[in-house]
Student: 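Take a look at the following structure, please.
Note that the coordinates shown come from a computational prediction; the quantities given were computed from them, not determined experimentally. To find a chain, count down the sequence lines: A is the first, B the second, and so on, and within it residues start at 1. Atom set for the values below is all heavy atoms of this structure, side chains included, hydrogens, waters and symmetry mates excluded.
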Amino acid sequence: KAGVTQTPRYLIKTRGQQVTLSCSPISGHRSVSWYQQTPGQGLQFLFEYFSETQRNKGNFPGRFSGRQFSNSRSEMNVSTLELGDSALYLCASSLQGNSYNEQFFGPGTRLTVL
Amino acid sequence: GENVEQHPSTLSVQEGDSAVIKCTYSDSASNYFPWYKQELGKGPQLIIDIRSNVGEKKDQRIAVTLNKTAKHFSLHITETQPEDSAVYFCAASKPAEYGNKLVFGAGTILRVKS
């Protein structure tokens with residue numbers, strides 16, 4: 001099976017712009033979660049989508065949003081970019097069984113805000 | 001909210017020695033504890049996980065132990081090899097009905113010297 005794919009892999013934007021990142025989960029996986037990784041804050045949960053519905057949300061401002069499509073692919077959007085949004089954005093997919101939450105990560109999108 | 005503490009932040013061992021990384025979690029509802037290995041330029045890779053109904057799990061050179069009473073869990077790597085050098089993250093998650101949200105430790109940089 002193909003793993004989690006994320007596009008683009010690298011992105012450079014300037015302050016005030018907006019950006020959309022894409023994630024394709026492992027085939028058959030219905031849950032997609034997004035995480036932000038920075039040297040200072042580590043890995044932080046942004047939100048999770050399951051069956052096109054946001055099921056869980058972390059402590060990030062409303063500039064961070066996402067959605068999930070019927071084929072389980074997901075996008076996240078960051079509006080009005082700030083310098084502090086520079087980070088590695090990771091997507092993880094999960095089968096979403098009833099007993100455990102095994103999550104598999106993609107390679108990430110490296111966002112640089114200038 | 002849920003918090004996961006991880007120690008040590010850096011660990012240097014000689015090739016062939018053992019390495020132990022320890023984590024403590026705060027939310028007693030957590031029932032799933034994965035460990036991830038992250039190499040430079042890549043996303044976190046799930047290497048082993050343990051559920052709260054199990055005290056220990058082993059997979060070749062790696063093992064994880066869980067003490068639910070003390071809310072501690074640890075990663076043990078035996079016979080370390082240079083390719084084990086990476087950043088290791090522990091994480092904790094609550095049951096599926098809470099949604100898929102991993103709370104990560106700050107990470108441990110493991111260096112295996114040959």
Student: Could you pull out the closest heavy-atom pair between A:Leu81 and A:Thr14, with the gap in Å?
Tutor: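 Distance-wise, the nearest heavy atoms are CB-O, 4.1 Å.
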Student: Where does A:Gln44 contact chain B at under 4.5 Å (heavy atoms): side chain, backbone, both or neither?
Tutor: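 It is neither, since no heavy atom gets under 4.5 Å.
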Student: Please look at A:Arg110 and chain B and tell me whether the side chain, the backbone, both or neither of the residue comes under 4.5 angstrom of a heavy atom of that chain.
Tutor: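 Contact with chain B involves no heavy atom of A:Arg110 at all.
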Student: Taking all non-hydrogen atoms of both residues, which atom of A:Arg63 and which atom of A:Asp85 are closest, and how far apart?
Tutor: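 Taking every non-hydrogen atom into account, NH1-OD2, 2.8 Å.
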Student: What's the shortest heavy-atom distance between B:Val112 and B:Glu15, and which atoms?
Tutor: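 What the structure gives for the nearest pair is CG1-CA, 3.7 Å.
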Student: Between B:Pro34 and chain A, which part of the residue has a heavy atom less than 4.5 Å away: side chain, backbone, both or neither?
Tutor: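 Nothing of B:Pro34, per the 4.5 Å heavy-atom cut-off to chain A.
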Student: Indicate the atoms forming the closest heavy-atom contact of A:Gln6 with A:Cys91, along with that distance.
Tutor: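 Nearest heavy atoms, A:Gln6 then A:Cys91: OE1-N, 3.0 Å.
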Student: So which part of A:Phe47 gets closer than 4.5 Å to some heavy atom of chain B, the side chain, the backbone, both or neither?
Tutor: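 No part of it gets close to chain B.
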Student: So for B:Leu46, is it side chain, backbone, both, or neither that comes closer than 4.5 Å to the heavy atoms of chain A?
Tutor: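 Contact with chain A is through the side chain of B:Leu46 alone.
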Student: What part of A:Leu43 lies closer than 4.5 angstrom to a heavy atom of chain B: side chain, backbone, both or neither?
Tutor: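 It is both, since atoms from each part get that close.
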Student: Work out which heavy atom in A:Tyr49 is nearest to a heavy atom in A:Gly66; give both atom names and the distance.
Tutor: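 Minimum heavy-atom separation between A:Tyr49 and A:Gly66: OH-O, 2.7 Å.
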Student: Against chain A, label B:Gln45 side chain, backbone, both or neither, depending on which of its atoms sit under 4.5 Å from a heavy atom there.
Tutor: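 For B:Gln45, neither part sits under 4.5 Å from chain A.
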Student: Name the region of B:Lys42, side chain, backbone, both or neither, that has any atom closer than 4.5 Å to a heavy atom of chain A.
Tutor: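 Backbone only.
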Student: Salt bridge or not between A:Arg73 and A:Glu75? Use side-chain N to carboxylate O under 4.0 Å.
Tutor: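 Looking at A:Glu75 together with A:Arg73, the answer is yes, because their closest N to O distance falls below 4.0 Å.
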